[in-house]
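In what follows, a single structure is set out as structure tokens and then discussed.
The chain is numbered in sequence order, starting from 1. Hydrogens, waters and symmetry mates play no part in the numbers below; they use all other heavy atoms, side chains included.
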Amino acid sequence: PEDRASFWEKIETHLPGNRVRQFKMILELPHEATPQTRLNIMLDFTRQMFKERDIPFWCALHSPIGGINDPRNYHAHIVYIGRPAKIIDHYESVTIDRHGRNRHDGQAIREWDFACPVSYKKAGHNRVTYPYRQGNDPTLRMEHRKMTPIHARFARIVNQHMRLAGLSVRYDPKNTS
């Protein structure tokens, strides 16, 4: 949780402006499946949706609370950003000298690429840029807006796992919430 909180604080600090920084989805999981099958469904889904695109995400699987809510209420919550990001080696202080060369001061640290500043002077003024920051993933944003491709992918993965488990339940992407 501390890593997650730190990540979102860095997003707020280093990706300023009035843009959407966090996307969320809740996916219904088949109650007929075993806990391992539900986990495998989410591992495959998150790998295809996020890991293969280098999109940071957090996923939590929830199961029903006995006697309090519907015993079929298995679902997953996912939060993610709309751009690739990765942890890179960076120095505490990086500047570009007047010849355009990088100068590294301080110790090397591991940091998210979008949070690694480089300082330079231009026309006598100190400036800061974030050259390692990656752009938004337009395909992911479009999928999130329409949700249809996400539902289709999720249904395909669920159905594949249910077939492997020998269960007859199938998801229809048009009815996936």
Side-chain angles (χ1 to χ4, degrees), residues 1-29 38-39 41-62 75-158 173 176-177:
E2 204 168 303
D3 289 342
R4 184 179 65 220
S6 171
F7 173 81
W8 292 112
E9 286 172 12
K10 288 176 185 182
I11 289 286
E12 289 292 323
T13 302
H14 296 285
L15 295 175
N18 293 330
R19 64 183 84 148
V20 176
R21 295 182 185 97
Q22 183 182 87
F23 295 93
K24 300 175 184 179
M25 67 174 78
I26 301 173
L27 298 167
E28 178 185 334
L29 293 165
R38 286 190 288 271
L39 175 62
I41 289 167
M42 292 313 299
L43 288 171
D44 281 354
F45 180 74
T46 56
R47 178 183 46 78
Q48 289 181 27
M49 278 296 297
F50 307 112
K51 284 186 179 181
E52 290 176 359
R53 299 177 182 185
D54 290 328
I55 304 287
F57 69 95
W58 278 265
C59 178
L61 277 65
H62 290 177
H75 59 280
H77 295 260
I78 303 173
V79 293
Y80 60 97
I81 63 172
R83 69 176 64 229
K86 59 186 175 188
I87 295 177
I88 62 172
D89 291 325
H90 188 65
Y91 289 87
E92 290 173 347
S93 174
V94 179
T95 56
I96 300 174
D97 67 17
R98 65 178 187 215
H99 303 292
R101 295 180 299 236
N102 285 355
R103 280 199 9 243
H104 306 280
D105 300 321
Q107 291 188 339
I109 55 174
R110 309 261 310 138
E111 184 59 89
W112 287 100
D113 56 5
F114 61 81
C116 296
V118 173
S119 303
Y120 65 98
K121 276 192 185 261
K122 184 173 182 179
H125 298 284
N126 292 327
R127 308 272 190 210
V128 175
T129 185
Y130 291 85
Y132 310 109
R133 184 182 293 164
Q134 300 178 58
N136 288 325
D137 183 327
T139 306
L140 185 65
R141 284 180 172 255
M142 185 268 311
E143 287 176 1
H144 186 87
R145 261 188 234 116
K146 294 185 178 182
M147 290 304 285
T148 306
I150 293 172
H151 289 162
R153 178 176 294 174
F154 184 67
R156 190 173 56 252
I157 291 168
V158 168
T176 305
S177 54

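Side-chain atoms of T46 and Q48, non-hydrogen and from C-beta on, never get closer than 4.5 Å to each other. In this structure the side chain of I81 never reaches within 4.5 angstrom of the side chain of F23, judged on heavy atoms. The side-chain heavy atoms of F7 and W112, taken from C-beta on, include a pair separated by under 4.5 Å. Between D113 and I87, every side-chain heavy-atom pair lies at or beyond the 4.5 Å cut-off. Between I11 and F114 the shortest side-chain heavy-atom distance falls below 4.5 Å. In this structure, the side chains of H90 and Y132 come closer than 4.5 Å at one or more pairs of heavy atoms. Side chains of V79 and M25 form no contact here, defined as non-hydrogen atoms less than 4.5 Å apart. Annotation: side chain of W8 is in contact with side chain of Q22 (closest heavy-atom distance under 4.5 Å).
To the nearest 0.5 Å, atoms CG (L43) and CZ (R38) are separated by 13.5 Å. Interatomic distance, NZ of K24 versus NE2 of H77, reported as 10.5 Å (0.5 Å rounding). In this structure, the separation between NE2 on H62 and CD1 on I26 is 9.0 Å, given to the nearest 0.5 Å. Taken to the nearest 0.5 Å, the CD1 atom of I109 stands 9.5 Å off from the CD1 atom of I88. Rounded to the nearest 0.5 angstrom, L27 CG and C59 SG are separated by 8.0 Å. To the nearest 0.5 angstrom, W58 atom CH2 is 7.5 Å from D3 atom CG.
Pairing each heavy atom of I157 with each of I41, the nearest pair is CG2-O, 3.7 Å. Across all non-hydrogen atoms, the minimal contact from P173 to A152 is CB-CA, 3.6 Å. Annotation for I55 and G82: closest pair CD1-C, 4.4 Å, computed over non-hydrogen atoms. Taking both residues in full, the closest heavy atoms of R83 and G135 are given as CB-O, 3.4 Å, listed atom of the first, atom of the second, then distance. Heavy atoms only, all atoms of each residue included: P84 and Q134 are closest at CB-OE1, 3.1 Å.
In this structure, the ring of F50 has its center less than 6.0 angstrom from the ring center of F57.
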Worked check of side-chain contact (heavy atoms from CB on, under 4.5 Å) between D89 and E111: CA-CA 6 Å; D89 291 325; E111 184 59 89; over 6 Å; no
side-chain contact (heavy atoms from CB on, under 4.5 Å) between L140 and M49, intermediate numbers included: CA-CA 8 Å; L140 185 65; M49 278 296 297; 3.5 Å; yes
Begin from the C-alpha positions of I78 and F45 and carry the test side-chain contact (heavy atoms from CB on, under 4.5 Å) through to its verdict. CA-CA 11 Å; I78 303 173; F45 180 74; 3.8 Å; yes
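Put simply, the side chain of H14 never gets that close to the backbone of P117: no donor and acceptor are under 3.5 Å apart. Judged by distance alone, with hydrogens and angles left aside, the side-chain atoms of D137 form a donor-acceptor pair with the main-chain N or O of T139 at under 3.5 Å.
The side-chain tip of R133 points at the ring of Y130 from less than 6.0 angstrom away and within 45° of straight on.
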